[in-house]
There are 2 protein chains.
Amino acid sequence: MVAERAGVSPSAVSRVFTPGASVSPKTEEKVRKAVAELGYRPNVLARAMVSGRSRIIGLVIAYLENQFYPEVLEKLSNALQAQGYHILVFMASSETGEIDEVVEQILDYQVDGIVLASVSLSSDLASRCQAAGVPVVMFNRFQDIDGLSAVTSDNAGGARRVGQFLIAGGHERIAYIAGWEGASTQRDREAGFRAALAEGGRTLFARACGNFEREPTAGAVRELFAGQEGDRPDAVFVAGDQMALFAMDVLRFELGLSVPGDVSVVGFDDVPSASWLSYQLTTVRQQAALMVERTVAALLSAIETPQAANPTHEAIEAPLILRASARVPEGWKT
Amino acid sequence: MVAERAGVSPSAVSRVFTPGASVSPKTEEKVRKAVAELGYRPNVLARAMVSGRSRIIGLVIAYLENQFYPEVLEKLSNALQAQGYHILVFMASSETGEIDEVVEQILDYQVDGIVLASVSLSSDLASRCQAAGVPVVMFNRFQDIDGLSAVTSDNAGGARRVGQFLIAGGHERIAYIAGWEGASTQRDREAGFRAALAEGGRTLFARACGNFEREPTAGAVRELFAGQEGDRPDAVFVAGDQMALFAMDVLRFELGLSVPGDVSVVGFDDVPSASWLSYQLTTVRQQAALMVERTVAALLSAIETPQAANPTHEAIEAPLILRASARVPEGWKT
DNA sequence: GTGAAAGCGCTAACAT
DNA sequence: ATGTTAGCGCTTTCAC
């Protein structure tokens with residue numbers, strides 16, 4: 001249609017819209033004119049059909065209540081948009097069965113790649129993605145399945161630093177509030193934390209599970225602090241900020257304890273509200289921007305050079321951010 | 001491919017996947033068998049090309065830091081998924097020029113509909129969408145442009161209730177912190193609030209603009225509370241929860257004031273953190289679930305029956321939620 | 001109820 | 001540098 005208006009062949013039009021194709025200035029001129037007059041825009045879907053590239057990335061995401069994820073979504077979307085890709089979103093709850101179903105749906109859209117944010121995949125479906133030539137990268141989750149790349153924080157390292165920090169701070173009864181036990185982040189954080197305690201000749205004073213959710217976290221706190229003074233933790237490492245914030249609220253307003261006076265609290269994530277004046281949560285930062293950058297890089301390289309398919313696990317450094325919710329050891333250097 | 005494996009024509013296969021098409025049990029049987037063996041799944045894009053329906057909804061969204069939006073995104077995505085649609089996300093900053101560009105990109109994907117969350121569109125582009133037969137619904141923004149539907153809260157009504165509540169609470173110096181002046185939500189809330197004051201024979205004691213952002217809000221609070229006691233507001237209505245929460249922090253921790261002892265604070269949105277124990281923010285609730293429901297309904301009806309294209313503006317009731325950040329008038333009934 | 005044929009809007013060889 | 005041809009995977013008349 002544009003073609004005839006411009007008096008050229010369809011291929012000529014196509015070439016005008018293909019960066020790096022050879023068109024004479026004259027032809028280009030004619031085409032651009034027709035395009036402007038008709039308000040023409042290429043049909044991405046038609047292009048996708050024939051070229052096999054849809055420029056769509058499927059994103060499976062859950063836990064949007066956790067502020068970390070909106071931040072990630074925003075950054076991911078922006079980074080991808082900058083490369084001419086767009087995100088098709090799929091909300092998921094955390095059951096693997098459902099995820100598989102959702103990933104099948106994604107595949108139906110002929111996406112060029114898939115990002116799995118904090119959800120796991122069956123190895124069966126992972127291979128189907130591979131078979132379909134669709135690269136998958138796991139974000140903030142690690143799964144040792146062939147062909148899956150992963151980008152996470154250095155969860156163990158970050159958590160280890162928390163352990164050292166708490167020990168150095170002179171805490172005697174150090175507790176841990178776990179996230180959902182099925183999450184690799186939870187496992188790695190706990191492992192790193194326990195390792196640090198062990199290195200310091202300590203063991204966990206108490207442990208409870210908050211499941212990354214509000215009410216379970218409140219329950220975990222009550223459980224941990226049921227005893228008398230001297231029999232209660234004087235420090236708590238919480239596996240996620242969202243939980244840590246709830247925990248602080250329960251500690252202060254329900255149990256009447258002072259943070260960090262009676263008990264130090266340390267979180268993990270560094271969500272925006274961690275820095276709010278009401279909380280001033282000392283926490284381990286997940287460097288969202290960096291994580292996203294690596295995710296996009298891994299994805300695009302897999303898309304553009306499928307043969308160089310060497311799935312990688314990148315663990316981004318996770319620094320401890322000192323604020324006011326935990327006693328700072330004298331002379332502590334970041 | 002499935003067709004030959006099943007020994008039938010392509011059309012037969014197509015019919016099996018078309019609800020309500022007439023296929024004999026025998027043929028269906030054969031096709032389903034071949035489908036299972038081959039792990040076949042229909043190509044959504046190919047279907048979209050020929051049918052003209054992509055089952056993709058474009059969503060333009062910004063302000064993901066405001067907790068209200070992740071919530072909306074999640075609900076919207078779920079509701080649409082339930083209807084067999086999926087969301088293609090486009091992040092946008094708030095400049096209209098950029099939005100236009102983004103919407104053009106969306107159109108390139110042959111989306112079946114567009115949801116604009118808190119962004120505005122030029123009337124020019126609005127007509128292009130209409131011309132393309134793509135229904136647009138504005139979410140949480142109202143714009144009086146032909147062909148645009150809108151779903152918002154009853155912002156004026158909700159804000160009016162705040163005014164009445166504050167007056168009834170015996171407040172004498174009532175201030176207002178505005179959001180971004182370009183937003184219809186901001187305008188409607190301010191108008192409703194001022195109307196209530198006027199009805200009560202009052203006027204605004206002071207006004208400052210927080211722009212829906214963190215630092216500007218802190219500045220607004222400092223500005224409002226620069227005077228001596230008795231010369232400062234004893235109540236503040238803040239046009240959004242995110243700002244209200246920041247305001248409370250500044251009031252308490254920077255200015256050393258007590259909320260609600262020295263000053264009552266009321267917000268608008270009812271984001272999750274408004275109910276956290278540290279804040280207990282009295283606020284006006286935007287009923288996200290309802291708003292999303294109406295948005296989906298408007299969208300789908302416009303998609304399925306294009307002729308019945310009567311753009312509507314639905315204003316969802318916005319109830320006042322009483323918590324602890326504002327003095328409650330004696331005998332106040334919700 | 002089923003198949004044959006045409007075509008959605010575009011790009012990728014292949015000729016020229 | 002440009003046009004011609006074929007075809008991506010599907011749905012949709014239209015005959016049968």
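Every heavy atom of this structure was used, including side-chain atoms; hydrogens, water molecules and symmetry mates were not. Within every chain, numbering begins at 1; the chains are lettered A, B, ... in the order of the sequence lines, protein sequences first and strands thereafter.
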Is Ser24(A) near enough to dA1(D) that one of its side-chain N or O atoms lies under 4.0 angstrom from OP1 or OP2? no
Counting only side-chain nitrogens and oxygens, does Ser22(B) get under 4.0 Å of the OP1 or OP2 atom of dG1(C)? yes
Comparing nearest nucleotides in DNA chain C, the 5'-proximal residue of the pair Ser14(A), Thr27(B) is Thr27(B)
Side chain of Met49(A): nearest nucleotide among dT11(C), dG9(C), dT11(D)? dG9(C)
Ignoring the backbone of Ala46(A), work out which of dC10(C), dG9(D), dT2(D) is nearest its side chain. dC10(C)
At less than 3.5 Å, do the side-chain atoms of Ser11(B) and the base atoms of dA4(C) form a donor-acceptor pair? yes
Between dC10(D), dG7(D), dG3(C), which one does the side chain of Arg15(B) approach most closely? dG3(C)
How are the rings of Phe142(A) and His313(A) set relative to one another: parallel (under 30°), tilted (30 to 60°) or perpendicular (over 60°)? parallel
Go through the side-chain N and O atoms of Gln143(A) and Ser120(A) and say whether any donor and acceptor fall under 3.5 Å apart. no
Hey, are Glu37(A) and Lys33(A) close enough for a salt bridge, meaning a charged N less than 4.0 Å from a carboxylate O? yes
Nearest to the Tyr40(A) side chain among dC8(C), dC10(C), dT2(D), which nucleotide is it? dC10(C)
Check: dG9(C) base within 3.5 Å donor-acceptor of Arg41(A) side chain: no
